[in-house]
Amino acid sequence: SRQFRRAGGVGEAEKMSLFCRLFGCKRFRVIRTYKWHGAQRVACTHCGRNYVMHSPTRTFLPWDSELADLYEDWTWA
């Protein structure tokens, strides 16, 4: 099983794969679904960076500590 890194750390740009540096992250794997929020935490299959997709607002953001607090701490199910 592959370990996924948290996005937003110091030196995160150096950890990205060459493919992601040139073309951006394109392929993702669902890590967790947050039913009550209408969101999914996903990770890039190339570099392992984590993102959150929020379906109701159609947003896609890098996963960071603020989003972790919002989704992880307030998840009841």
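Sequence positions, counted from 1, serve as the residue numbers for this chain. Every value quoted in this text rests on a predicted model; they were computed, and no experiment measured them.
- With rounding to the nearest 0.5 angstrom, the CZ atom of Phe19 is 7.0 Å from the CZ atom of Arg27.
- Relative orientation of the His54 and Tyr71 rings is tilted, given thresholds of 30° and 60° on the angle between their planes.
- Note on ring orientation: taking the six-membered ring where Trp is involved, the planes of Phe60 and Phe28 are perpendicular (angle over 60°, cut-offs 30° and 60°).
- Note: Arg41 CZ to Arg29 CZ = 11.0 Å, rounded to the nearest 0.5 Å.
- Here the straight-line distance linking atom SG of Cys25 with atom CZ of Arg49 works out to 6.0 Å at 0.5 Å rounding.
- Among Val42, Asn50, Ile31, the one residue that satisfies the side-chain contact (heavy atoms from CB on, under 4.5 Å) test with Trp63 is Asn50.
- Nearest heavy-atom pair across Gly38 and Pro56 is O-CD, 3.2 Å.
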